[in-house]
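Indexing begins at 1, ligand by ligand and atom by atom, following the structure's order. For reference, positions follow the sequence shown, starting with 1.
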Amino acid sequence: MFSIHRQDFGTDFTFGVATAAFQIEGGQRDGRGPSIWDSFSRTPGNVHNGDTGAEACNHYELWPQDLDLIRDGGFDAYRFSFAWPRLIPGGTGAVNQAGLDFYDRLIDGMLERGIKPYATLYHWDLPSPLQDKGGWMNRDIANWFADYAVLIAQKFGDRLEATATINEPWCVAFLSHFLGIHAPGYRDLRAAARAMHHVLFAHGTAIDALRANGAKNLGIVLNLEKSEPASDSEEDKQAANVGDAIFNRWYLGGVLKGEYPTELTGPLAAYLPDGYEEDMAVVSRPLDWLGINYYTRGLYKSAPDQPVFPIAQVKGDLEKTDIGWEIYPQGLTDLLVRVSRDYTKLPLYVTENGMAEVEGDSDPRRAKYYEDHLKAVLSAREQGADVRGYFAWSLLDNYEWAEGYNKRFGLVHVDYQTQQRTPKSSYRAFQGMLHNSR
Ligand code: FCB
């Protein structure tokens, strides 16, 4: 049981769980097109154990029981993502009726159960035909994405509680085009610089398209880390500042102020798209809310031998989760307070937070992680941050991208052989808190 109570968050606070289409749906049929994660995961060496999303949690068929779990847990809301390749298999052009039907059923299923739908348009499963044209490196993606956003607004907009354009643009751009860890697996500065700008430009064009087509309550979901120096030296502090620019300020500054940090526009000048400055009004279109995903901190030291960004990340000595990320609730408080002080007075939502833990349905460490991070949210609220909701990552154990099925983030255990769902003790802890107070 948590030692905190639902009432501590006030009466209007939203509690939810989050997932993403590629990580849970499976169901790669009925007209669904290929995505970059299909080919990336089938390329040897990219994903632990060669795991793919072909089956995942078979949420495509088992969604009614998954929605029952959300309702029975006492959650108010479900943050899910639409699979672009299921809706528009070629990325642009013809719409797949079976895809529309699936999300119709899913959204109506939420509403029937009293669960508020929080949708994300893009959680990383880019249709492959768009990657063939350069994907996020091609400026035209702003139009492709806006057209997809129009479809979502027209078909589903009236039933969605809130809509986010992009999940974690740092991952879409930097992790996937510079570090090469996620699809499409590039390790190229020019590719990264282009993706870093186009992902936010496309966010802006999608906001315009959603709004013009009547969708309400629009936002974006940024993953932020607490960037800290590995020592007190001036050099390491500067390194942390560059790390902060790469991870946090590019996206916060771009979306909320229409400006990118000079620590990056300098070194990236030769690689950024020509005339990107003229897009900044679109990049920073007004929003209705901001989503923040938080997992851990980043520790940086100076590394003058590194080209372009003279920094290196070091391992910290805090307790770590099963994926090796340090457990650092204070970082969540600090980030929420910082964003509301320095960037925006928009309502903030913690749209993801959670931990990987070894397999099993007894997960006291995870329950404690949640409790400590919920306390961190309360503390940020006391310091004036307008945090309106919290979504646990994740409802289910699922396909953890390059880690495959090896890392488990679920409140509910999934047996991938039988697709049996078993609530863990962390799920019961949420249930206790949420049901006692409804
Ligand atoms: C986030 C992703 C999410 C999940 C968690 C663990 O970066 O948005 O899909 O993989 O990390």
* Asked: If we only count N/O pairs under 3.5 Å, is Trp393 in contact with ligand 1?
  -> no

* Asked: Just checking, Arg86 and Phe102: is the charged tip under 6.0 Å from the six-membered ring centre and within 45° of the axis?
  -> yes

* What atoms of ligand 1 come within less than 4.0 Å of a heavy atom belonging to Phe409? -> 6 (C)

* To do: Give a yes-or-no answer on whether the side chains of His59 and Asp66 include a donor-acceptor pair shorter than 3.5 Å.
  => yes

* Asked: If we only count heavy atoms from C-beta on, is the Asp51 to Tyr399 side-chain gap below 4.5 Å?
  -> yes

* Please confirm whether Lys407 comes under 4.0 Å of ligand 1, counting heavy atoms of the residue only. => no

* **Contact with ligand 1 for Asn167, non-hydrogen, under 4.0 angstrom** => yes

* Near Trp124, which atoms of ligand 1 are under 4.0 Å from a heavy atom of that residue? -> 2 (C), 7 (O), 8 (O)

* Looking at atom 5 (C) of ligand 1, what's its closest protein heavy atom, distance included? -> Tyr295 OH, 3.3 Å

* **Identity and separation of the nearest protein heavy atom to atom 10 (O) of ligand 1** => Glu400 OE1, 2.7 Å

* Heavy-atom nearest option to atom 7 (O) of ligand 1, drawn from Glu352, Gln23, Glu168 -> Glu168

* Asked: For ligand 1, which atoms, with element, lie under 4.0 Å from some heavy atom of His123?
  -> 2 (C), 3 (C), 8 (O), 9 (O)

* Asked: Only one of Tyr390, Phe2, Phe15 forms a ring pair (Phe, Tyr, Trp, His ring centres under 6.0 Å) with Phe9, so which one is it?
  -> Phe15

* So, Phe430 versus Phe75, ring centres under 6.0 angstrom or not? -> yes

* For Arg79, which of Thr19, Thr14, Asn167 qualifies under side chain to side chain donor-acceptor pair (under 3.5 Å)? -> Asn167

* **Cationic tip of Lys257 above Tyr343 ring, under 6.0 Å, 45° of axis** => yes

